[in-house]
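Here is the structure we will look at.
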Amino acid sequence: MSVPRRPLIAGNWKMNGLRADGGSLASGLSDLMKNKTDAVFDLAVCPPFTLIAAVGDALAGSAISLGAQDCHPAENGAYTGDVSAAMLADLGCDFVIVGHSERRTNHEETDTAVQAKAAAVQAQGMAAIICIGETEEQRDGGKTLDVVKSQLAGSVPEPSAAANTVIAYEPIWAIGTGRTPSTDEVREVHALIRAELTAALGAEEAVGVRVLYGGSMNPENAGDLLALEDVDGGLIGGASLTAEDFWAIAQSCV
Ligand code: 13P
C-alpha cells in the first residue's frame with residue numbers, strides 16, 4: 001500500500017461476548033500492543049454496545065482504538081433502543097461502523113440512511129467505517145463494480161475527509177463463509193473505490209482514505225490481501241474474536 005495510509009486492522013465483534021469474554025479479549029490485545037513498540041498498523045475493536053465501556057477500560061493506556069457497530073443519525077431524542085453517535089463519542093469511541101451488510105439486510109438500511117449515520121459519526125469527531133459490497137447474485141451477474149460505485153455514491157457524506165472516513169469493501173458472499181474473492185478481484189474493486197473517492201473528494205483527501213477489505217479474512221489469507229495496493233487494512237469478524245488470530249492478521253501488515 002502507499003505511504004500516506006497506515007493500515008487499520010479493525011475487529012467487528014458483532015453480537016458476541018459477555019462481560020468476562022470482552023474484558024479478557026481486550027486486555028489480551030492490550031498486552032500484545034503494549035509490547036509492540038514498532039507497530040506499523042493501527043488496531044481497533046468494535047464490541048457490542050453493552051461491552052464498549054468495559055472494553056474501553058481494559059484498553060486504557062494502550063494504542064488500540066475503540067469503535068462501535070452502528071448508531072442512530074440523531075443526536076438524541078425519542079428513539080427507544082437506539083444509541084447516538086454523541087453517546088459513542090462520550091464513551092471514547094474513535095470509529096463507528098455504518099452500513100454493514102447485516103444491518104442493510106436485517107434492518108433494511110438504505111444508502112441514504114447509512115449516509116446520515118456516517119455524517120452523524122463525522123460530526124462527533126469520529127471516523128465512520130462505511131461498509132459496501134455486492135451479493136453473490138450481483139457478482140455472478142457481473143454487476144459488482146456498478147453496485148459498489150452506487151453504494152459509495154449514496155453512502156459517503158459530502159463533504160468527507162481522510163481523517164473521518166474509512167471504506168470497508170465486504171463482499172456479502174464472503175462474510176462468514178470461508179470464501180474470499182481472488183486477489184485480482186479485490187484489487188479491481190479497491191482500485192475502483194479509490195478512483196471514485198478521488199472524483200468525489202479530490203485527490204488530496206482520497207489518497208489518505210483507508211479502504212479495508214472484509215470477509216473471511218484470517219491469518220492464512222491476510223498476507224496476500226493486505227499486500228495489495230489500495231488495500232489499507234481489514235475489517236475482521238470471526239477471526240477478531242480470539243486475540244491470537246486477530247493479532248496474527250495484524251502482523252501480516254508490511
Ligand atoms: P468474517 O470475518 O467473519 O467473514 O466477517 C467479516 C465482517 O462482516 C466484518 O465486518
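Atom set for the values below is all heavy atoms of this structure, side chains included, hydrogens, waters and symmetry mates excluded. Counting convention: from 1, in listed order, for ligands and their atoms alike. We count residues from 1, following the sequence as given.
Atom CZ of Arg179 has more than 12 neighbouring heavy atoms from other residues, nucleotides or ligands inside a 6.0 Å radius.
For Glu102, no nitrogen or oxygen atom sits less than 3.5 Å from a nitrogen or oxygen atom of ligand 1, counting backbone and side chain alike. Between Gly176 and ligand 1, at least one pair of N/O atoms sits closer than 3.5 Å. In terms of polar-atom proximity, defined here as any N/O pair under 3.5 Å, Thr177 makes no such contact with ligand 1.
When each of Ile130, Asp111, Ile167 is paired with Gln151, the side-chain contact (heavy atoms from CB on, under 4.5 Å) condition holds for Asp111 and for no other.
A donor-acceptor pair under 3.5 Å is formed between the side chain of Lys117 and the backbone N or O of Cys71. For Thr165 (side chain) and Ala162 (main-chain N/O), no donor-acceptor pair under 3.5 Å exists by modelled atom type. Looking only at distances, a side-chain donor or acceptor of Asn221 sits under 3.5 Å from a matching main-chain atom of Asn218.
Against a heavy-atom cut-off of under 4.0 Å, His100 is close to the following atoms of ligand 1: 7 (C), 8 (O), 9 (C), 10 (O). Numbered from 1 in the order shown, with element, the atoms of ligand 1 that lie under 4.0 Å from a heavy atom of Asn12 read 9 (C), 10 (O). For ligand 1, the atoms closer than 4.0 angstrom to any heavy atom of Ser216 are 1 (P), 2 (O), 4 (O).
Residue-level proximity to ligand 1 for Leu235 is carried by backbone and side chain together, each with a heavy atom below 4.0 angstrom.
For the pair Gly215 and ligand 1, a heavy-atom separation below 4.0 Å is found. Residue contacts with ligand 1 leave out Gly214, since none of its heavy atoms falls under 4.0 Å from the ligand.
The shortest contact between atom 2 (O) of ligand 1 and any protein heavy atom is with Gly237 N, 2.9 Å. Of the protein's non-hydrogen atoms, the one nearest atom 9 (C) of ligand 1 is Glu170 OE2, 2.9 Å. Counting only heavy atoms of the protein, atom 3 (O) of ligand 1 lies nearest to Gly238 N, 2.8 Å.
In the model, Glu205 has no side-chain atom that pairs as donor or acceptor with a side-chain atom of Ser160 under 3.5 Å. Gln69 and His100 share no donor-acceptor pair across their side chains, judged by distance under 3.5 Å alone.
Under the rule for a side-chain contact (heavy atoms from CB on, under 4.5 Å), the partners of Ala86 that lie at least two apart in sequence or sit in another chain are Glu75, Ser84, Gln124.
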